[in-house]
Asker: 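I am attaching a structure below and will ask some questions about it afterwards.
Chain letters run A, B, ... following the sequence lines, proteins first, then strands; residues in each count from 1.
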Amino acid sequence: MEARPLSIQRSSARQLNNLGVSGPMSSSLPVLPTPLEDTFSKLPNSQQVYMEQELRTRPLAPAPHIPANSGVVGHIFSSSSGLSSDLQYSSASPHEKLPRTTSFISQSSTPIPQTSHSGLPQSSTSSHYTKESSSSWCPESLPGYVDFAANTPVQNSQMEGSSCSGAIVSEEFSKRNDWHEWADQLITDDDPLGSSWNEILADTSMTEMEPKVPKTPTSMPAHRTQVHQQLPASSTEIRTVVTPSASANNAPAKPRMRWTPELHEAFVEAVNQLGGSERATPKGVLKLMKVEGLTIYHVKSHLQKYRTARYRPDSSEGSSEKRLTPLEEISSLDLKTGIEITEALRLQMEVQKRLHEQLEIQRNLQLRIEEQGKYLQMMFEKQKSGIDMLKGSSSNQENSSTSLAKSELEGTQVDHDKKGSDTANANSTNEESSQPKELDGKQKAPETEAPENAELNVSELSSQPSKRPRTEE
Amino acid sequence: MKFGKRLQQQIEETLPGWRDKFLSYKRLKKLVNLISSSPPPSHRHCVEAEADFVYLLNHEIDKFNAFFMEKEEDFIIKRKELQQRLQRVIDTWGPNGARPSETNCKEDMAEIRKDIVNFHGEMVLLVNYSNINYTGLAKILKKYDKRTGGLLRLLFIQKVLKQPFFTTEVVSKLIKECESTIAQVFPVDEKEIGRREPTIRVTGEGVFRNTVAALLTMQEIRSGSSTRSQFSLPPLDLSDSEFIRTLQMNSPPIPIPIL
């Protein structure tokens with residue numbers, strides 16, 4: 001079965017592994033040769049190969065067989081000091097910038113298949129979110145609030161979906177398992193991990209640390225061992241891939257650990273096996289976790305945070321924020337009752353949810369804008385280089401086609417903005433549906449019928465009523 | 001300077017521990033001005049300023065990454081801790097628990113609810129932090145390109161998009177999970193839907209205040225500007241949510257020195 005590998009990400013590396021941006025672009029962008037960045041050119045390919053392998057194995061897994069250690073993922077980052085050297089290099093001479101920028105961009109946009117953490121594919125992500133909202137931490141004992149049996153088929157059907165969303169779902173699934181595993185235990189008695197429902201009462205931390213419990217108990221032991229074996233192996237793969245670029249980059253070797261929920265699960269389990277957060281030592285935890293690339297330094301600081309959070313629940317995040325009065329209603333003369341407080345919290349939640357929605361939309365828009373800009377820039381440059389090659393032909397032709405290309409760039413860009421916001425809005429609540437209609441009147445979109453971007457433009461032009469003045473170039 | 005002012009507002013409204021973690025927009029702007037004002041004859045200055053600019057950008061990104069990842073880690077831990085608390089309360093005071101006690105249960109649940117809501121809010125604020133810094137970076141890069149005729153923006157933005165502080169998927173997931181938990185943990189109350197006071201004053205320095213401020217600031221930032229281009233976001237329309245319009249911010253806390 002497959003396992004989620006330990007993936008390393010460097011802030012200075014232009015290539016990325018898990019947190020990919022180039023989802024929709026992966027098929028469209030060619031990789032131009034880059035004489036400058038030879039040291040890095042190896043990296044995306046090998047990582048890409050690894051990722052492809054990863055993705056290939058993933059869809060093969062049957063839905064119920066969720067790997068036990070389904071996501072012990074961590075990310076390690078080093079500083080971006082290498083970034084500055086490269087950038088300085090490329091920004092040194094303005095005239096020579098262009099070819100380098102081109103090659104650089106194409107390098108960084110090396111098609112890298114998406115894996116679990118990418119939030120890009122609009123449709124799958126958003127539909128994903130609506131389904132994921134059904135998962136939560138709440139156990140069944142909360143009267144009448146939720147029907148977990150209903151949740152399960154939702155999750156399972158999700159899994160049969162694309163590999164990308166499947167990856168996210170399995171993560172989610174493992175999280176839910178924390179709370180549902182006691183429900184599982186009601187169904188199946190043989191829990192090789194030895195924890196029973198009574199232990200939940202005794203030591204609450206003990207039994208919840210078992211995200212590794214898949215729904216099919218019979219396959220459980222096999223899965224656990226398999227995954228544990230697999231995990232170090234796959235992590236090592238990543239590890240060796242990253243290090244050459246680290247040394248090549250001359251980055252100071254102080255990688256920053258990016259903790260994930262899955263990694264934390266493994267951490268907590270290790271801590272509990274060692275007898276709780278007070279008794280566990282960083283070394284012991286490190287050994288138990290068996291996660292490649294994790295240093296004792298990481299574990300130590302994480303353990304410290306963990307201890308603080310457990311024994312002083314409200315002070316781990318900072319001081320004054322906790323003692324807040326959510327709001328005060330002007331006309332309220334009563335003392336704060338339970339209902340009022342609940343209402344206040346509800347209002348607070350509403351605002352927060354709203355903000356989050358807007359942030360998501362904004363982020364998606366920003367991503368799309370950049371993608372589009374990048375793509376069109378490349379197209380533009382390709383076209384330009386093509387034109388340069390045909391220097392022999394009349395200059396008139398050149399001028400018209402370059403200006404056409406430029407207006408293409410702008411036109412499609414703006415159209416895409418609108419389309420982007422439309423799509424984003426379609427996926428969010430109806431409240432935001434008024435958003436696209438408010439585009440600034442100043443924003444002119446020269447509509448063109450350029451052949452190159454015909455497929456890109458035409459569909460958008462036909463699908464939206466354009467409210468902007470049309471200008472011809 | 002409009003974004004700079006908005007950013008400053010946001011910083012002032014934000015949670016205390018976060019204030020120095022935002023983008024040093026002003027400083028970067030100064031550098032850009034420096035670069036564009038020193039003409040090619042003083043080539044050395046120009047190159048130096050450019051190098052400083054890039055260096056500062058990278059430094060800022062490192063700052064964002066470090067802060068973001070640390071907060072993310074905190075959230076992951078806190079989420080677990082809240083889960084455990086919830087479980088504990090249910091197991092102890094709940095109807096099927098060891099010592100069923102409705103009053104205790106209610107008290108503890110109220111406490112947990114508050115904490116979960118604040119937790120949610122803080123996570124959203126982190127996403128907001130990420131976003132506003134990204135926006136600032138994009139703006140300053142655009143400014144740089146405009147002033148120097150360079151092509152730094154596209155290049156740099158591609159890197160930024162991959163940075164940890166911008167890849168907020170995990171936090172978003174936690175947020176959504178939180179929302180569904182809250183939906184289940186909150187008692188269903190029909191009466192409250194009709195009751196909306198004309199204006200609601202937001203006091204204190206807490207999470208709620210900051211989310212309101214963030215939302216309003218976002219709206220302001222995205223209102224039309226003179227430099228709108230194909231890279232600009234459409235304006236943000238919140239008019240359909242009445243209650244947000246009725247929210248009124250009290251006077252801000254004591255201003256802090258500008259970076």
Side-chain angles (χ1 to χ4, degrees), chain A residues 11 16 19 21 79-80 83-84 87-88 91 97 101 104 108 117 119 129 132-133 136-138 141 145-146 201 204 258-259 261 264 305-306 309 318 320-321 324-329 331 343 345 348-349 351-352 355-356 359 365 369-370 377 410 413-414 421 431 434-435 438-440 442-443, chain B residues 15 17 51 54-55 58 61-62 65 69 73 76-77 81 83-84 87-88 90-91 94 96 98 117 120-121 124 127-128 131 151-152 155 157-158 161-163 167 169 175-177 180-181 184 192 197 200-208 211-212 214-215 224 228 230-231 233-235 237 240:
Chain A
S11 59
L16 64 90
L19 309 173
V21 173
S79 75
S80 60
L83 190 69
S84 59
L87 266 185
Q88 282 177 353
S91 68
K97 248 186 238 183
T101 328
F104 184 82
S108 66
H117 287 296
Y129 278 151
E132 273 189 27
S133 62
S136 74
W137 328 325
C138 267
S141 58
Y145 283 132
V146 73
L201 303 172
T204 55
R258 189 172 195 184
W259 285 85
H264 184 64
K305 285 189 183 231
Y306 186 66
S320 57
E321 305 105 55
L324 70 92
T325 48
L327 52 84
E328 287 164 339
E329 301 188 3
S331 61
E343 271 192 48
L345 288 178
Q348 184 177 349
M349 265 313 285
V351 172
Q352 285 168 189
L355 179 56
H356 184 230
L359 285 168
L365 279 179
I369 287 173
E370 294 304 332
Q377 178 81 359
E410 289 165 24
Q413 190 69 51
V414 169
S421 66
E431 298 169 41
S434 54
Q435 202 167 338
E438 301 226 340
L439 279 176
D440 197 352
K442 279 188 256 172
Q443 199 175 17
Chain B
L15 298 167
V54 174
Y55 180 79
N58 286 322
I61 289 179
D62 283 344
N65 283 338
M69 288 197 282
E73 188 180 344
I76 290 173
I77 294 177
E81 195 262 327
Q83 283 178 2
Q84 292 173 6
Q87 180 73 60
R88 239 176 294 156
I90 289 166
D91 288 342
N96 301 325
V117 171
H120 177 271
V124 174
V127 177
N128 178 57
N131 205 286
L151 287 169
L152 187 59
L155 180 74
I157 280 288
Q158 294 310 313
L161 288 176
K162 299 170 190 170
Q163 295 303 307
T167 50
E169 284 89 6
I175 289 175
K176 292 201 166 22
E177 196 190 63
S180 60
T181 304
Q184 291 154 9
E192 58 88 20
E197 308 301 334
I200 299 165
R201 225 186 272 137
V202 183
T203 63
E205 249 191 34
V207 173
F208 184 42
T211 47
V212 171
L215 206 50
R228 199 163 264 287
Q230 67 263 33
F231 290 105
L233 291 167
D237 178 26
D240 43 336

Asker: Nearest 0.5 Å, please: how far is NE2 in A/H264 from CD1 in B/I76?
Answerer: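 B/I76 atom CD1 to A/H264 atom NE2 measures 7.5 Å (nearest 0.5 Å).
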Asker: Check A/L359 against B/V124 and note the closest heavy-atom contact, atom names and distance.
Answerer: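 Heavy atoms only, the tightest pair is CD1-O, 3.7 Å.
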Asker: Just how far is it from atom CD of A/Q377 to atom CG of B/L151, taken to the nearest 0.5 Å?
Answerer: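 Output value for this atom pair is 6.5 Å.
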Asker: Considering only heavy atoms, which portion of B/I175 lies under 4.5 Å from any heavy atom of chain A: side chain, backbone, both, or neither?
Answerer: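 Looking at B/I175, just its side chain touches chain A.
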Asker: Taking the side chain as C-beta and beyond, is there a heavy-atom pair between B/H120 and A/Q348 under 4.5 Å?
Answerer: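 They are not in side-chain contact.
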